[in-house]
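A short worksheet on the structure shown next.
Values below: all heavy atoms of this structure, side chains included; hydrogens, waters and symmetry mates excluded. Positions are given from 1, in the same order as the sequence printed here.
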Amino acid sequence: MITLLLIAGAHDSCLAQKVTLDYYFNHEVHRTASGKTERYHYTWEDKANSGFSVWGDIFKKLGATLDTLGVAPTVGNLKGTAVYIIVDPDTKKESPHPNYIESADIKQIAAWVRRGGVLVMMANDSANVELPHFNNLASVFGMHFNDDLQNHVIDDAHFADGAVITTGSPIFKTADKVFLKDVCSINTVPPAVTALKIKNGTTIIAVVKYGKGTVFAVGDPWFYNEYVNGRLPASFENDKAANDVAAWLIKQATR
């Protein structure tokens, strides 16, 4: 399984900040019971376990507005966006005609980040994400998603295998213990740095300042509804983590 308000009370000044979710590199579809083809998986609108509706609501409570981008990103069409989230780019298994992240896209995204944009890159375990092109983008920022599987969890009887301690992290202000399963690890080259490791010392979250902007990378889609809607055992604080990360991203954008 690598980013996003002004503050009078930490809310009013945030109203102009827009968080845009990519719908181009990730564009999974399935057939509904009626036979219609429907877009799903990691969307703001999807309220099922597969959606991002809960995380979207968190951003909105922090004062942000939500948007989507269903075409290739450019500096022009990202104008006005504070945080741009790319999650789990499609493989041919997920889409018959996937939109790969090409060199032209990388130049546009990097230029936008350099000007102050906050980019979020959310990968997945290597069997479920198109890593080669995603890594071409990540490499610009000194990061590389590895072809591996970390924190493997067999079933709900083994939630403890997905536990990660976040206490003391400058990003996770309120969450102390989170659940992250079946993630890919991340290698970093300075100035990119580790933001979170699992118990074996492997990096699963990395960040970097790039020009005036910021990149946040994680080896999993992580904050989809299934793992922030209360399904997890009470000892896991993914709901707090989702709020912590959203607030941190917004803070980077504000700077």
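Closest approach of E28 and N26 over heavy atoms only: OE2-ND2, 3.4 Å. Between V164 and I204, the closest heavy-atom pair is CG2-CD1, 4.3 Å. Across all their heavy atoms, M143 and A192 have their closest contact at CG-CB, 4.0 Å. Here the closest non-hydrogen pair linking N151 and A163 is ND2-O, 3.9 Å. Of all heavy-atom pairs spanning F145 and A138, the tightest one is CE1-CB, 4.1 Å. Considering every non-hydrogen atom in both P89 and I101, the closest pair reads CG-CD1, 4.3 Å.
In terms of modelled atom types and a separation under 3.5 Å, the side chain of Q108 and the main chain of D105 share no donor-acceptor contact. Side-chain N or O atoms of N225 include one that pairs as donor or acceptor with a backbone N or O of D46 at under 3.5 Å. The closest donor-acceptor contact from the side chain of D90 to the backbone of H27 lies under 3.5 Å. Listed for the N99 side chain is a donor-acceptor partner under 3.5 Å among the backbone atoms of Y24. When atom types are taken as modelled, the side chain of D161 and the backbone of V153 share no donor-acceptor pair closer than 3.5 angstrom.
Ring orientation note: the planes of F236 and F179 are nearly perpendicular, at an angle over 60° on the 30°/60° scale. A tilted orientation is assigned to the rings of F223 and W55, their planes being inclined by 30° to 60°. Using a 30° and 60° split on the angle between ring planes, F52 and W44 fall in the tilted class, from 30° to 60°.
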Kindly indicate, with the supporting measurements, whether the criterion side chain to side chain contact (heavy atoms under 4.5 Å, CB included) is fulfilled by Y23 and T43.
CA-CA 8 Å; Y23 279 21; T43 69; 3.2 Å; yes
Would you sort out whether D148 and C184 count as a side chain to side chain contact (heavy atoms under 4.5 Å, CB included), showing the intermediate values?
CA-CA 5 Å; D148 61 8; C184 72; 3.6 Å; yes
Full working for side chain to side chain contact (heavy atoms under 4.5 Å, CB included) between V129 and M122
CA-CA 10 Å; V129 62; M122 308 181 85; over 6 Å; no
Between V215 and V113, does a side chain to side chain contact (heavy atoms under 4.5 Å, CB included) hold up when you go through it step by step?
CA-CA 8 Å; V215 179; V113 175; 4.1 Å; yes
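Residue L62 is tested with I250, L249, D57 for a side-chain contact (heavy atoms from CB on, under 4.5 Å); the sole match is I250. Among the candidates N200, T202, N146, the single residue satisfying the side-chain hydrogen bond (donor to acceptor under 3.5 Å, both in side chains) test with S185 is N146. Put simply, the residue from V19, L66, T65 that forms a side-chain contact (heavy atoms from CB on, under 4.5 Å) with K60 is L66.
The closest side-chain heavy-atom distance from Y84 to P73 is below 4.5 Å. Between V87 and L21 there is a side-chain heavy-atom pair separated by less than 4.5 Å. Side-chain contact between Y100 and P132 is absent, with no heavy-atom pair separated by less than 4.5 Å. Proximity of D244 to E237: side-chain heavy atoms (C-beta onward) are nowhere separated by under 4.5 Å. Counting heavy atoms from C-beta outward, Y227 and K181 have side chains that approach closer than 4.5 Å. Looking at R231 and D156, their side chains come closer than 4.5 Å, going by heavy atoms from C-beta outward.
Side-chain heavy atoms closer than 4.5 Å link hydrophobic residues (I, L, V, M, F, W, Y) into clusters, and following such links, even through other members, never connects V183 to I165. Side-chain heavy atoms closer than 4.5 Å link hydrophobic residues (I, L, V, M, F, W, Y) into clusters, and following such links, possibly through other members, connects L78 to V71. Placement of F172 and V193 within a single hydrophobic cluster is found when ILVMFWY residues are connected by side-chain heavy-atom separations under 4.5 Å, directly or transitively.
The distance between the ring centers of Y42 and Y224 falls below 6.0 angstrom.
Here the NE2-OG1 distance, from H144 to T188, works out to 12.0 Å after rounding to the nearest 0.5 Å. Rounded to the nearest 0.5 angstrom, F134 CZ and N124 CG are separated by 10.0 Å. Note that NZ of K177 and OG1 of T167 are 10.5 Å apart. Values are rounded to the nearest 0.5 Å. One distance of note links CG of N135 with CD1 of I186; it measures 9.5 Å at 0.5 Å rounding. With rounding to the nearest 0.5 angstrom, the CG atom of D147 is 9.5 Å from the CG atom of D125. Put simply, CZ on F25 and CG on L137 are 8.0 Å apart, with the number rounded to the nearest 0.5 Å.
Surrounding CZ of R115 are at most 12 heavy atoms belonging to other residues, nucleotides or ligands under 6.0 Å away. The number of heavy-atom neighbours closer than 6.0 Å to NZ of K92, taken from other residues, nucleotides and ligands shown, is 12 or below.
Residues N136 and H133 have side chains that never bring a donor and an acceptor to within less than 3.5 angstrom of each other. A donor atom on one side chain and an acceptor atom on the other are found under 3.5 Å apart for K209 and T214.
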